[in-house]
Novice: 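The structure that follows is given in the form of structure tokens.
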Amino acid sequence: MQRTILLMSLVLTQVIFAQDQVKISLDDVLARVQESNASIQVSDQEAKMAKYDYRFSNSVFLPQISVSHTGMATTNPLMAFGSKLNQGILTQADFNPDLLNDPDQVENFATVVSVEQPLINMDGFYQRKAAKTTMEAKELQAMRTRDYLDFEAQKAYGQLQLAYRAVEVMQKAYDAATANLNMAQNSFDQGLLQKADLLEVKVRVTEVSDQLKTAKSNVKNASDYVAFLMNEQGNIVFEPTQELLPENIGEEVEATLENRADVKAMDLVSEAYKANMKADNMTFLPRLNAFASYEMYDDQIFQADSKGYIVGASLSWDVFKGSQRFAKAGKSKTNYEKAQKEYEQYVAKSTMELQRTKRLVEDAENRLQTSKLAMEQSEESLRIRTNRFKEGLEKTTDLLMAEATYAEKQLAYYQTIFEYNQAQSLLTFLTKE
């Protein structure tokens, strides 16, 4: 049975690590996440879209210019007379009533260059301001997404380190359990150990073997998540080049929220709604626009024997459009007030998360020393009980309990290191400007 368990463990190891195994550092992970992560790319595209929306608002200041060339043939009395007039080819004979009422076919080709220049559009000015504020908010949100993926990458790398540590612990526990099984088997063969005790040791070996398999599976799971964050394709198992150790012990992080990118973005979103509210209120005011056109006519295509221009200005005022504008203005005001409340709620929640994370760091730091001492004590206890078991002075159950306790305390210690490092990373993320 012992050989069967060992063979199963070796087969599992080959299956788990049959993929390409690549050593990787935390700096490499952070760099590749920033370069290739899909969420970062999506947030960057959203920022670009907001930038183009802002460029679209340039129409508030810039003219609209269009050029057209139109050709037609007509026997319509009004159109035929007007076409000849535009071409400058009217003669006295064209005023003959018979020709006016029943003209021959007239060809007309017109080339028109039109220019429309906005002068005063108050609603457009505020819409442009809202677009600019939204663009700035999206840029800050994209920056915050990068900060979050930095934090997430550090967390994933820590999980990978913890998974490898767990494999090391369980491998040592498995080796120790196998050695104890050999001793138990020898004692049983000599008649110094009961069969029930031998079976209990074998059960312990099987349990540790199962835990080792689970630990190796967790290595693959953690590696897959690191690969996902880096947008990496392929069957690769990553191995950390850095050990899982406590970082920045006792280091204090300045806790501020005002200049954090996501908080500033929420404030800008509120300002954008405020600008939209003002824009909707400004639709009650008139608009002033200038226009001009230069027109060229001929009875031949792409010719211009006759020319003329139009220059003017238009003052328009939608005095009443049912209740549409009142409803829209009321809705935009409600949206602004909602955005203000959401900003206040977001700041309050962020403050709560920051205070909680500071306590998490303190608690995890306090547990570090305790869990380390517990691990050292359980290691010494296991050493003593192992020596006594070799001499026949220790019960099998006590030895197995000492083995399990030592493995448990090691895993608890490394878990505490992981939790402390993650709390520190989270605190840095929550206070990063």
Side-chain angles (χ1 to χ4, degrees), residues 48-132 135 275-276 278-329:
K48 286 183 180 179
M49 291 169 61
K51 184 176 182 180
Y52 285 118
D53 286 339
Y54 175 59
R55 289 185 180 180
F56 182 81
S57 67
N58 288 340
S59 59
V60 175
F61 302 106
L62 300 180
Q64 297 184 22
I65 302 173
S66 61
V67 180
S68 65
H69 184 80
T70 306
M72 69 174 185
T74 182
T75 58
N76 179 280
L78 183 60
M79 295 294 293
F81 184 83
S83 296
K84 286 187 175 184
L85 183 62
N86 285 331
Q87 295 172 16
I89 58 174
L90 278 177
T91 64
Q92 186 65 36
D94 291 316
F95 289 93
N96 184 336
D98 293 333
L99 290 178
L100 287 174
N101 292 323
D102 187 17
D104 296 332
Q105 177 177 298
V106 174
E107 290 78 24
N108 184 57
F109 295 91
T111 301
V112 180
V113 180
S114 300
V115 179
E116 295 183 4
Q117 174 63 56
L119 297 179
I120 300 177
N121 294 292
M122 297 304 298
D123 57 332
F125 296 156
Y126 282 101
Q127 287 172 355
R128 176 177 170 81
K129 181 179 180 180
K132 182 179 180 181
M135 176 190 69
N276 279 324
K278 290 183 177 180
D280 290 336
N281 289 331
M282 291 300 171
T283 58
F284 291 92
L285 299 178
R287 300 179 178 181
L288 179 62
N289 299 300
F291 61 88
S293 65
Y294 188 72
E295 304 170 355
M296 295 165 280
Y297 298 95
D298 204 286
D299 58 356
Q300 300 293 324
I301 189 170
F302 299 127
Q303 300 295 319
D305 287 343
S306 180
K307 305 178 182 63
Y309 65 85
I310 299 174
V311 177
S314 172
L315 181 65
S316 60
W317 193 355
D318 294 329
V319 178
F320 185 71
K321 296 179 67 175
S323 62
Q324 295 179 18
R325 289 186 300 185
F326 294 101
K328 190 175 182 181

Novice: Working to the nearest 0.5 Å, report the span between CG of Leu62 and CD of Gln117.
Specialist: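 Interatomic distance, Leu62 CG to Gln117 CD, rounded to 0.5 Å: 7.5 Å.
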Novice: Is it the case that over 12 heavy atoms from other parts of the model lie below 6.0 angstrom from the CD1 atom of Ile120?
Specialist: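 Open.
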Novice: Working to the nearest 0.5 angstrom, can you tell me the gap between Asp299 CG and Ser306 OG?
Specialist: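 That separation rounds to 11.0 Å.
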Novice: Do other residues, nucleotides or ligands put more than 12 heavy atoms under 6.0 Å from Met122 CE?
Specialist: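 Yes, CE of Met122 has more than 12 neighbouring heavy atoms, counting only those of other groups under 6.0 Å.
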Novice: So which atom in Ser59 and which in Pro118 form the shortest heavy-atom distance, rounded to 0.1 Å?
Specialist: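 Heavy atoms of Ser59 and Pro118 come nearest at O-CG, 3.3 Å.
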Novice: To the closest 0.5 Å, what do you measure between CG (Leu285) and CG (Asn121)?
Specialist: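 Answer for the CG-CG pair, Leu285 versus Asn121, is 10.5 Å.
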Novice: Name the residue from Lys129, Met135, Met49 that meets the side-chain contact (heavy atoms from CB on, under 4.5 Å) definition with Tyr54.
Specialist: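 By the side-chain contact (heavy atoms from CB on, under 4.5 Å) criterion, Tyr54 pairs with just one of Lys129, Met135, Met49: Met135.
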Novice: Within a radius of less than 6.0 Å around CG of Asn58, do more than 12 heavy atoms belonging to other residues, nucleotides or ligands occur?
Specialist: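 Check passes, neighbour count above 12.
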Novice: Search all heavy atoms of Ala130 against all heavy atoms of Asn276 and return the closest pair with its distance.
Specialist: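 Closest approach of Ala130 to Asn276: CB-OD1, 3.4 Å.
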Novice: Indicate yes or no: at least one non-hydrogen side-chain atom of Phe81 is less than 4.5 angstrom from one of Leu90.
Specialist: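 Yes, side chains in contact.
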Novice: Looking at side-chain heavy atoms only, is the closest gap between Phe291 and Ile310 below 4.5 Å?
Specialist: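 Contact flag for Phe291/Ile310 side chains = yes.
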Novice: For Val311 and Tyr309, work out which heavy atoms get closest and say how close.
Specialist: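 Where Val311 meets Tyr309 most closely, the heavy atoms are CG2-CD1, 3.9 Å.
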Novice: If you round to the nearest 0.5 Å, how far is CG of Asn101 from CG of Asp98?
Specialist: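 If we round to the nearest 0.5 Å, Asp98:CG and Asn101:CG are 7.0 Å apart.
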Novice: Would you sort out whether Asp305 and Gln300 count as a side chain to side chain contact (heavy atoms under 4.5 Å, CB included), showing the intermediate values?
Specialist: CA-CA 9 Å; Asp305 287 343; Gln300 300 293 324; over 6 Å; no
Novice: Between Asp280 and Ala329, what is the shortest heavy-atom contact and its length?
Specialist: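 What the structure gives for the nearest pair is CB-CA, 4.0 Å.
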Novice: With a cut-off of 6.0 Å (strictly less than), are more than 12 heavy atoms of other residues, nucleotides or ligands near NZ of Lys307?
Specialist: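 Result for NZ/Lys307: enclosed.
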Novice: Taking atom CZ of Phe61 as the centre, report whether more than 12 heavy atoms of other residues, nucleotides or ligands fall under 6.0 Å from it.
Specialist: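 Enclosed.
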Novice: Taking side chain as C-beta onward, heavy atoms only, is Asn289 less than 4.5 Å from Glu116?
Specialist: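 Contact flag for Asn289/Glu116 side chains = no.
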Novice: Got a second to check how far Leu78's CG is from Ser83's OG, nearest 0.5 Å?
Specialist: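 Leu78 atom CG to Ser83 atom OG measures 9.0 Å (nearest 0.5 Å).
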Novice: List the atom of Ala279, the atom of Asp123, and the distance in Å for their closest heavy-atom pair.
Specialist: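 For Ala279 and Asp123, the tightest heavy-atom pair comes out as O-CB, 3.2 Å.
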Novice: How close do Pro103 and Thr75 get, counting heavy atoms only, and between which atoms?
Specialist: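 Looking at all heavy atoms of both residues, the shortest contact is CG-O, 3.4 Å.
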Novice: Roughly how far, to the nearest 0.5 Å, is the CD atom of Gln87 from the CG atom of Asn108?
Specialist: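 Here the interatomic distance stands at 4.5 Å.
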Novice: Classify the angle between the aromatic ring planes of His69 and Phe302 as parallel (below 30°), tilted (30 to 60°) or perpendicular (above 60°).
Specialist: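 Rings of His69 and Phe302: parallel, as their planes differ by under 30°.
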Novice: Pairing donors with acceptors under 3.5 angstrom, does anything connect the side chains of Asp94 and Thr91?
Specialist: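 Yes, because at least one side-chain N or O of Asp94 sits under 3.5 Å from a partner of the opposite role on Thr91.
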